[in-house]
Amino acid sequence: MMTDEIQLIDESGIRLDGRRADELRPIKIEAGVLKNADGSAYIEWGKNKILAAVYGPREVHPRHLMNPSRAIVQCKYNMAAFSVGDRKRPGYDRRSVEISKVISDAMEHVVFTERFPRTTIDVFIEVIQANAGTRCAGLTVASVALADAGIPMRDLVPSCAAGKIDNQVVLDLFKDEDNYGEADLPIAYVPRTGKILLLQMDGHMTYDEFDKALDMLVSACEEIYTIQRDALRRKYSEDASEKLLAEIQNSNLASIEQPSILEGSTDIPPEDSTIITDNRKGGGFND
Amino acid sequence: MMTDEIQLIDESGIRLDGRRADELRPIKIEAGVLKNADGSAYIEWGKNKILAAVYGPREVHPRHLMNPSRAIVQCKYNMAAFSVGDRKRPGYDRRSVEISKVISDAMEHVVFTERFPRTTIDVFIEVIQANAGTRCAGLTVASVALADAGIPMRDLVPSCAAGKIDNQVVLDLFKDEDNYGEADLPIAYVPRTGKILLLQMDGHMTYDEFDKALDMLVSACEEIYTIQRDALRRKYSEDASEKLLAEIQNSNLASIEQPSILEGSTDIPPEDSTIITDNRKGGGFND
Amino acid sequence: MMTDEIQLIDESGIRLDGRRADELRPIKIEAGVLKNADGSAYIEWGKNKILAAVYGPREVHPRHLMNPSRAIVQCKYNMAAFSVGDRKRPGYDRRSVEISKVISDAMEHVVFTERFPRTTIDVFIEVIQANAGTRCAGLTVASVALADAGIPMRDLVPSCAAGKIDNQVVLDLFKDEDNYGEADLPIAYVPRTGKILLLQMDGHMTYDEFDKALDMLVSACEEIYTIQRDALRRKYSEDASEKLLAEIQNSNLASIEQPSILEGSTDIPPEDSTIITDNRKGGGFND
Amino acid sequence: MTKDIVSEIKRDYLHNLAENGRREDGRNFNDTRPISIELGLIESAEGSARVKLGQTDLIAGVKINLGEPFPDTPDKGVLTTNAELLPMASPEFELGPPRENAIELARVVDRGIRESQALNIDKLCISPEEKVWIVFIDIHVLDYDGNLFDAATLGAISALTNTVIPASRFEEGEDYQLEVQHIPIACTIAKLGKTLLVDPKLDEEKICEARLTVTTDENGDIRAMQKGNDGYFEVDELKSAIKMAQEVAKNIRGQFTFLQPTAQ
Amino acid sequence: MTKDIVSEIKRDYLHNLAENGRREDGRNFNDTRPISIELGLIESAEGSARVKLGQTDLIAGVKINLGEPFPDTPDKGVLTTNAELLPMASPEFELGPPRENAIELARVVDRGIRESQALNIDKLCISPEEKVWIVFIDIHVLDYDGNLFDAATLGAISALTNTVIPASRFEEGEDYQLEVQHIPIACTIAKLGKTLLVDPKLDEEKICEARLTVTTDENGDIRAMQKGNDGYFEVDELKSAIKMAQEVAKNIRGQFTFLQPTAQ
Amino acid sequence: MTKDIVSEIKRDYLHNLAENGRREDGRNFNDTRPISIELGLIESAEGSARVKLGQTDLIAGVKINLGEPFPDTPDKGVLTTNAELLPMASPEFELGPPRENAIELARVVDRGIRESQALNIDKLCISPEEKVWIVFIDIHVLDYDGNLFDAATLGAISALTNTVIPASRFEEGEDYQLEVQHIPIACTIAKLGKTLLVDPKLDEEKICEARLTVTTDENGDIRAMQKGNDGYFEVDELKSAIKMAQEVAKNIRGQFTFLQPTAQ
């Protein structure tokens, strides 16, 4: 983060890539893009390109991580060597360890982990091309992949970042803005319940700027939430996806005895599930 | 591999070290050279100097590698730090991991692994001095060490490489030839059964050159096979070694109920063995 | 170790820091300085500053290190990144592995390990500031931490080094002397029993110089032993500490059936202990 | 830091206390534990501080080397922060390379220092593309009773305020005091049920649904934040938490005279 | 890739099919699965290709850096190949540093590219002993349904054909197209009983006694080979396998117009 | 090297023997096992020696590179010693990075060589701060029957006596013999009950309460010592052990003519 001479917003409030201050980059999500994974999804968010894949619930390795009363959710965020300007050494670095941790925390909140004791739900987020905002895009696509895997969950989790450039609060920095930006504020916000599940910030913001950024982010997450739901609608038949989304809508009302239709297609069938459907592959649910 | 100005074969077809195109370097093998190992052997092949040692069948570590229906054969090829011109950093590198894998595959074919379920047979190949062709020399000496360990096996495995220098196919490149050679084709070939158990190649060969190289290698492996058998003969009494080698000769006829005399001297005695002899150390079998 | 022009002892036998040849640096020890550890102690020895903490007896990880008939004692010596002139990379290096091993051996001798089969007693020695002689200071403070943890032990273990500067044998080199010194001889010596539990040496010493150094060290260890005992006295009530120290005094007479009062405050109560007292925290034993 | 270690009984007890406006150790929700800071205790370090926050105890040490700048910032010094959760500090900490929690701790401390521009990294450049000062901040946790984020940030900035650049050792002129432009203070708020409370001790940290670390500068501006755990904040809770953090940071600043910029 | 995962029943079924001249997915023995190649999809890479071979799916990306040559080849550029068997691609793949299978894959791909002299590494030298181009080929496997050798080699050479040397980023003149002198194509033959079949899918790969990967150039010359598994080939089988591989490679070349040398 | 491997019966047997003045293999307490040293067997090394001490068998190889000196000793060459306890040498040795025992072995050998000033590291400097010779000593243990300290030190110094500095390979003039100023010999004494015995074989090493390795030079002066195991020495035992070590070292020196300094 550094301030510099470069002008990032012009007089009429238009940014280098033509967006207004509160405008998102174009976002496209596709569900069910991989064969082996229990669930998967792909996102293009501006020039970010990210795949997410879900395996589980399945056996925990190493075993000391096992929780006897619920599933653990292990998200692993990884960047491809060729996803950035200078080749990144393959493997997890300190940054990806931290991002994996905060994403895992957010996902753990929405998954009905108590239904799958002693198991792990593994979520792999692979950044194929990076252009700022990959943690938010990664979390956004990961929750679609979880739904595609039929993991019962309370909600989808949209995520987005706000930032500050040329001393103005703007939404969703792309790479050139990020390089010269003065602050970065990624959050994950669930519109229906008003819950903030992820929040990090670095840079320099007054309280008022933060307040303004938060307003922008709440609106943006509503928009992204729609895109997530549309991705599931496109993947599944109209009927199935409506039921599925209605379930998610109501799932905070649902007791543990009335799981979302999202569940099923898991190696370890929950004892209390009333409707078990494999909504991942083939059959009538597919486009 | 690169072509260069240096002339590697003279007008009369003689190579830098005085050999003809289809001539092997001198090979000496000695069996039973170490005390602690269950079996061992030493080879000098030109200027290559290599030790092999066998432990097993024994318990598998880590346990997830264990196969409930047969033994696994784990060969580990390693180069001493001082075995090459520039000091090699100690420890396994990517090259040695790959060589270990292809050698393990070849050895696994000839060992009667089904007799020792849930165990490992560990073969350590230590290159003390390297001068091109160490994987072939390592595999060659490893199978003598396995026999010395009394591991029941279908056959000894001779191995050799052919290459291409000055646009001619020649046998068994030494280091100076390898540095300037145009191709390298290591194989492991069992003369009695005609089985090719290891094959790798890099460089540039037409199909006809490959065909010619293969002819040379088949003959060379027959020669090496004799050297391997002689090493066992020198180590064991005439009588014992004749029985042992006759067994190997006929072992492809032998059912699993009629194991080779090679077996014995193992920590876990096979239930079905009819003759158990410790042919490794001391007693009447020793020279 | 190198000889150089610098004069380290003046004509009247006084060293750069004003000490005589056979004089120790000032030593201060405080027991019970950390909350979480089962026992702890802090030492300032000249400019060395070192913490020791003890956990155990507790479960062994990894389990293959477990000894079915006794406890293992695992000391880990570590230097803080900022403890030396040039920043040290965090983590264990080859030097700290070796020091940890020789300290563990010494501690294992004095702990009644046979009373706690299948457990580990972990001793963490953290060098906060280093100024030569840290292994001796670390061992010295570690044995106070063990006593503070209530681990039953035969004795406290004082440790000290002698060295050679300007061709003279002197006690307890500090950093400037160590840099230009000609020899270093760290030992651990238990005054009451005359046992040498740790000994290393490098440099250049004649037998007679060694003999002289040993004399100095025996005296020094007696002095350090008193400082160790005083630290425990200050920590515990007069009554308790007298009993505790009397026990240590007599513990080589005590059979295994009559453990020192030092024991107790362990997760796994020894079956044969007659007096179990938590002398670590709170209660009447505290200052 | 698994929650299973604190029993359900403990969890209920602490929640009940919080619902009744109380904490186990008698503090108010916006009280920190007693803080003591010892400066300059490590002579081998260029700067150092030992921070005790209740029974959480750690040392921050600063070492400075001469080195090369990163290629993409050729005219700036280098700041690097590392945290060691020493196994002596807790039975939960293990030997070996830093895990997730140590990495998160180091990165949150680092962001607080870096984003507040506590150091002027332009001034740490001696010769562009060739020679810069490399500032290493190492946090060694000695005793762990919760809320490492706040203690470690306090340790790091305190150590920096007494850091001397060892120029003479590297034949770069005389030693001089490192300038500190801004003083970031981290404050962590834990959420127990509907209650927000400041400076959670270990038991509170283990059972809280969510925590938020807010690092503010001497103007109260936000320089870094990090939410933790699998619980959530609502928008209003978030705003309250930030205001609590600003208050507490101001309070801490008042306790220690050296927590002031030495340069502008 | 243990064989125990496919049950004995599956094994017998596939062997029986093969004996009757058939494969599970209806292919002939010398048919590959459908191949799709998407070029240049990664803008952050200097070159890239996504290859789908049936349901095996991977991305090859090329990154180019400026660096120093190896001391023993001071006038040549550097080529380095890495393969990641991402855990997303299969429940059998684990996190962590590359294992045996990933190393073998990277090395076989590397040998195909290197030994075919696909790149002219003399031309990658800018200034002997000082500056050369370092070409990194990274293979990221996204979905694993067998025969990674062929898919990865195809990915690597395809990515190289659309690689631009980023000279301007390193102030070494204008960007220019990387020259590709030769086009190596790998073809893997699996042996099931007495049957040789091309492009084994995962089930076939798991139960085959042996496999042979043959990488040939546009003249049909052999540039690299690798036998795998603990079974064997007889001499005649080996010769047949190589001829099959030559045929198949020719066929693949015909499917994609960009699989042609851009330089001689 | 856990003691549990040798059964209690074996332990009692060896102790009883020792009390009666005897050893299992018939040696006197101050006898070493037969020693054979083969010099220069590794042509790829600058110097080498294979040492057999009874059935303990190892190779020491010396490699020499050109490199930079350590910043704090700009006018001195570099000596570095590494030991590999190859898994072929014993069922107790495992694959992987060197463990505690290998590290201790390397460090004790290194101290013997370094502190005896066997090499004149000033003469290994070619150009201060820029170019020095780096001497790598690598010990590869092939067969382990106890007392690696003595065998490895003997291997290292023997290899050094036949080491040629490969100056021509680095274009630094003609190759020349490495000068050896002093010949350190290590002798290890094991304590069984009240008995001190020299050169413990594996069984003795496993059951001894304590061991002491004493490395002396050709004048009998002590250059390095290392006590091992959890037993103790009394002061008088220590003195006796050192004198035994001096005697034995003198004896070994007499057996091999090349164990003499080549320079002063």
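Chain letters run A, B, ... following the sequence lines, proteins first, then strands; residues in each count from 1.
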In terms of heavy-atom contacts, does [atom1] of [X] have more than 12 from other residues, nucleotides or ligands at under 6.0 Å?
{"X": "B:Lys175", "atom1": "NZ", "value": "no"}
{"X": "B:Glu222", "atom1": "CD", "value": "yes"}
{"X": "B:Arg118", "atom1": "CZ", "value": "no"}

Are [X] and [Y] packed together at the side-chain level, in the sense that at least one heavy-atom pair is separated by less than 4.5 angstrom?
{"X": "E:Ile222", "Y": "B:Met201", "answer": "yes"}
{"X": "B:Leu199", "Y": "E:Phe233", "answer": "no"}
{"X": "E:Glu115", "Y": "B:Asp184", "answer": "no"}

Problem set entry | For E:Gln226 against B:Val102, the heavy-atom pair lying closest together |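 Looks like NE2-CG1, 3.8 Å.
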Problem set entry | Nearest heavy-atom neighbours spanning B:Glu98 and E:Val108 |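 It is OE2-CG2, 4.5 Å.
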Problem set entry | Most chain B-contacting option - heavy-atom pairs closer than 4.5 Å, from E:Gln246, E:Lys243, E:Glu237 |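 Answer, by heavy-atom pair count under 4.5 Å with chain B: E:Lys243.
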For this session: Please determine, among B:Leu197, B:Leu214, B:Val190, B:Asp208, the option with the most heavy-atom pairs under 4.5 Å with chain E.
Result: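 Of B:Leu197, B:Leu214, B:Val190, B:Asp208, B:Leu197 has the most heavy-atom pairs under 4.5 Å with chain E.
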What's the spacing between [X] [atom1] and [Y] [atom2] if we round to 0.5 Å?
{"X": "B:Ile187", "Y": "E:Met225", "atom1": "CD1", "atom2": "CE", "answer": "9.5 Å"}
{"X": "E:Asp230", "Y": "B:Ile72", "atom1": "CG", "atom2": "CD1", "answer": "12.5 Å"}
{"X": "B:Asn179", "Y": "E:Asp72", "atom1": "CG", "atom2": "CG", "answer": "9.0 Å"}
{"X": "E:Leu238", "Y": "B:Lys195", "atom1": "CG", "atom2": "NZ", "answer": "15.0 Å"}
{"X": "E:Arg223", "Y": "B:His204", "atom1": "CZ", "atom2": "NE2", "answer": "4.0 Å"}

Exercise. Quick one: does B:Lys101's side chain have a donor or acceptor within less than 3.5 Å of a partner on E:Asn101's backbone?
Worked result: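 Flag not set: sc B:Lys101 to bb E:Asn101 has no pair under 3.5 Å.
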Exercise. Is the backbone of E:Ala224 close enough, under 3.5 Å, to the side chain of B:Asp202 for a donor and an acceptor to pair up by distance?
Worked result: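 Not at all, since once roles are kept as given, no pair shorter than 3.5 Å links the two residues.
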Problem set entry | Region of B:Leu198 in contact with chain E, defined by heavy-atom distances below 4.5 Å |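 Only the backbone of B:Leu198 comes within 4.5 Å of chain E.
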Problem set entry | Under 4.5 Å from a heavy atom of chain E, the part of B:Leu185 involved |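 When you check distances to chain E, only side chain atoms of B:Leu185 fall under 4.5 Å.
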Exercise. Which atoms of E:Asp217 come close to chain B, meaning under 4.5 Å heavy atom to heavy atom: side chain ones, backbone ones, both, or neither?
Worked result: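 Looking at E:Asp217, just its side chain touches chain B.
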